[in-house]
Amino acid sequence: MSELYPHIHPDFQHLMLLDDERRIESLHEPLWINYPKSDHIIQYLGQMLRYPKKPRMQGVLIIGDSNIGKTSIINHFISLHPDSMMEDEFQTTRAYKPVIYAKMQTSEEKDLYISILQNFWSPFRSSDSLTKLRYQTISLMRECNVRMLILDEIQNLLRGTAMKQRIMMDAIKNLSNELMIPIIGAGTQEAVAVLSTEPQLNTRFDTITLPKWDMDKNFRAMIVALEKRLPLKKPSRLDTKEKALLIYKISRGNLGDLHRLLIVSTEYAIRHGIEEITVEVIKKHSWIMREDNRAREIIFDTDTAISTKG
């Protein structure tokens, strides 16, 4: 098999035994590729996870554009530190949850606790009082020896009034104080404004920026790594100058848009029997490039599987 498709990574050779539709389906499975910035972030979070507990733990705010890869990094980090069952010193089997992940949807303190409680098997009622939900949250996190709390989409706290934002930030600070654990926030550039509502909390968070990629050897290396995972029968040689420049122009250095461009281009190449990503195929999917925040309208036509406008 590897002799037939030497351009494909050994871990993905099995995909070439599948029919066209199943090869296309495989494109939408979760994919993780290490690169220097992601490695540094994951290593740093790992160090924080091992820090001894103390009353004032330092946190981190990871910021970057939408679809830049923040959540992928977080999910991969969580996968490296899964839940487990262990016996304590009293030979009682206990659940250990080293990392808790919660997505921020609103600026309501109650919703914060509900998002955290959804990580546990213990039942709770969202209609319970704020005091009860707070107590249950802290008790379960302490019982399961939680070492880190990750709050994603933290910029959504800005949806509330200044008072609600301040109350929420106090709640986050109190969780860190009570449990003596680091809190990791992730969000867009707007997330920085969230911390400004509480000066004391602002000093507790260092900032890591996840920038767009530059058109350099690292970007071309990323393209090569991604191409090795695309189930195409022919090599596409995406790192050639013309293709790499075109891919960068369309994706604008956004990792999520880059990945999507390669997925739709691969799907097109499979469906049309081309089996490689040519310059023409890449240009056909230049609609991936979004110049503003308008939603892209999906259009079906006879020539392409999917195209868009807007």
Side-chain angles (χ1 to χ4, degrees), residues 41-42 45-46 48-51 53-63 70-86 94-160 163-188 190-191 194-195 197-198 200-202 204-205:
I41 293 174
I42 288 171
L45 295 182
M48 296 184 70
L49 192 66
R50 295 187 292 271
Y51 286 160
K53 291 187 175 185
K54 60 181 181 180
R56 192 182 190 280
M57 298 293 287
Q58 193 70 19
V60 168
L61 182 62
I62 304 171
I63 59 174
K70 300 182 297 295
T71 302
S72 294
I73 291 174
I74 290 170
N75 287 338
H76 185 68
F77 173 74
I78 293 172
S79 73
L80 298 175
H81 304 280
D83 299 347
S84 61
M85 301 294 292
M86 298 178 63
R94 296 179 58 185
Y96 284 85
K97 290 180 170 290
V99 183
I100 291 293
Y101 171 89
K103 182 173 288 188
M104 308 308 300
Q105 303 288 353
T106 71
S107 58
E108 297 291 337
E109 185 180 357
K110 224 180 181 186
D111 290 340
L112 168 64
Y113 302 131
I114 290 171
S115 295
I116 295 173
L117 289 170
Q118 287 172 344
N119 288 272
F120 299 90
W121 289 103
S122 181
F124 69 93
R125 292 184 300 181
S126 57
S127 59
D128 283 342
S129 68
L130 178 62
T131 301
K132 185 173 182 178
L133 288 171
R134 183 192 299 119
Y135 174 80
Q136 189 172 7
T137 297
I138 294 173
S139 295
L140 283 172
M141 291 180 75
R142 186 173 284 135
E143 180 182 339
C144 293
N145 195 31
V146 174
R147 305 283 303 181
M148 177 181 288
L149 173 62
I150 299 178
L151 302 177
D152 201 1
E153 304 291 352
I154 200 170
Q155 75 277 355
N156 286 335
L157 301 187
L158 292 173
R159 294 177 178 178
M163 179 60 72
K164 285 187 175 181
Q165 293 175 37
R166 195 168 296 112
I167 290 173
M168 181 68 91
M169 298 314 289
D170 280 341
I172 293 172
K173 181 176 67 176
N174 290 336
L175 281 177
S176 181
N177 289 342
E178 285 275 349
L179 299 165
M180 292 188 288
I181 61 173
I183 292 180
I184 312 302
T188 62
E190 294 174 313
V194 175
L195 296 181
T197 62
E198 178 54 66
Q200 279 190 335
L201 196 61
N202 194 23
R204 291 194 184 194
F205 281 84

Chemist: If you count heavy atoms of other groups shown closer than 6.0 angstrom to CD of Q58, is the number above 12?
Modeler: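 Result for CD/Q58: enclosed.
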Chemist: Rounded to the nearest 0.5 Å, what's the gap from CG on L158 to CE on M104? Could you check?
Modeler: 11.5 Å
Chemist: Tell me, do L157 and M169 make a side-chain contact under 4.5 Å, heavy atoms counted?
Modeler: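 A side-chain contact under 4.5 Å exists here.
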Chemist: Taking the side chain as everything from C-beta on, heavy atoms only, tell me whether I41 gets closer than 4.5 Å to I62.
Modeler: yes
Chemist: Would you check if Q105 and E153 make a side-chain contact, meaning some heavy-atom pair closer than 4.5 Å?
Modeler: no
Chemist: In the structure I gave you, are the side-chain heavy atoms of I150 and F77 within less than 4.5 Å of one another anywhere?
Modeler: yes
Chemist: What's the spacing between I100 CD1 and C144 SG if we round to 0.5 Å?
Modeler: 7.0 Å
Chemist: Using 0.5 Å steps for rounding, measure from the CZ atom of R134 to the CD1 atom of I116.
Modeler: 11.5 Å
Chemist: Is it the case that more than 12 heavy atoms not belonging to Y135 sit under 6.0 Å from its OH atom?
Modeler: no
Chemist: Step through the shown structure and confirm whether more than 12 heavy atoms of other residues, nucleotides or ligands are within 6.0 Å of NZ on K110.
Modeler: yes
Chemist: Is it the case that atom CZ in R142 sees more than 12 heavy atoms from other parts of the structure closer than 6.0 Å?
Modeler: yes
Chemist: Does a salt bridge link K103 with D152, judged by any charged N lying under 4.0 Å from a carboxylate O?
Modeler: no
Chemist: Could you tell me the separation between the CG atom of N177 and the CD1 atom of I172, rounded to the nearest 0.5 Å?
Modeler: 12.0 Å
Chemist: Is the shortest heavy-atom distance from the side chain of S176 to the side chain of K173 under 4.5 Å?
Modeler: no
Chemist: Give, for atom CG of L149 and atom OH of Y101, the distance between the pair rounded to the nearest 0.5 Å.
Modeler: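 Result: 11.5 Å between the selected atoms.
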Chemist: Check for a donor-acceptor pair, side chain of Q136 on one end and backbone N or O of P123 on the other, with a separation under 3.5 Å.
Modeler: yes
Chemist: Are V146 and L179 close enough that some pair of their side-chain heavy atoms sits under 4.5 Å apart?
Modeler: no
Chemist: For the pair I184 and V99, evaluate side-chain contact (heavy atoms from CB on, under 4.5 Å) and give the outcome as yes or no after the intermediate values.
Modeler: CA-CA 10 Å; I184 312 302; V99 183; over 6 Å; no
Chemist: Please give me the minimum heavy-atom distance between S126 and L133, naming the atom from each residue.
Modeler: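 Closest approach of S126 to L133: O-CD1, 4.1 Å.
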Chemist: Within the structure provided, determine whether K97 and D83 are in side-chain contact (heavy-atom separation under 4.5 Å).
Modeler: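 The answer is yes, as the side chains (C-beta and beyond) meet within the 4.5 Å cut-off.
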Chemist: Please check this pair: side chain of Q155 against backbone of E190, looking for a donor-acceptor N/O pair closer than 3.5 Å.
Modeler: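 No; zero donor-acceptor contacts below 3.5 Å.
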Chemist: Is the backbone of S107 close enough, under 3.5 Å, to the side chain of D111 for a donor and an acceptor to pair up by distance?
Modeler: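 Such a contact is absent between D111 side chain and S107 backbone.
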Chemist: Any donor-acceptor pair under 3.5 Å linking the side chain of R147 with the backbone of K53?
Modeler: no
Chemist: E108 and M168: which non-hydrogen atoms are nearest, and at how many Å?
Modeler: O-CE, 3.0 Å
Chemist: Measuring from L151:CG to L61:CG, what's the distance to the nearest 0.5 Å?
Modeler: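 Taking CG in L151 and CG in L61, the distance rounds to 10.5 Å.
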Chemist: Check step by step if side-chain contact (heavy atoms from CB on, under 4.5 Å) holds for F124 and I114.
Modeler: CA-CA 8 Å; F124 69 93; I114 290 171; 3.9 Å; yes
Chemist: Of all the heavy-atom pairs spanning G185 and I154, show the shortest one and how long it is.
Modeler: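 Reported closest heavy-atom pair: CA-CD1, 4.4 Å.
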Chemist: State, with a plain yes or no, whether a side-chain heavy atom of R50 is found less than 4.5 Å away from one of M48.
Modeler: no
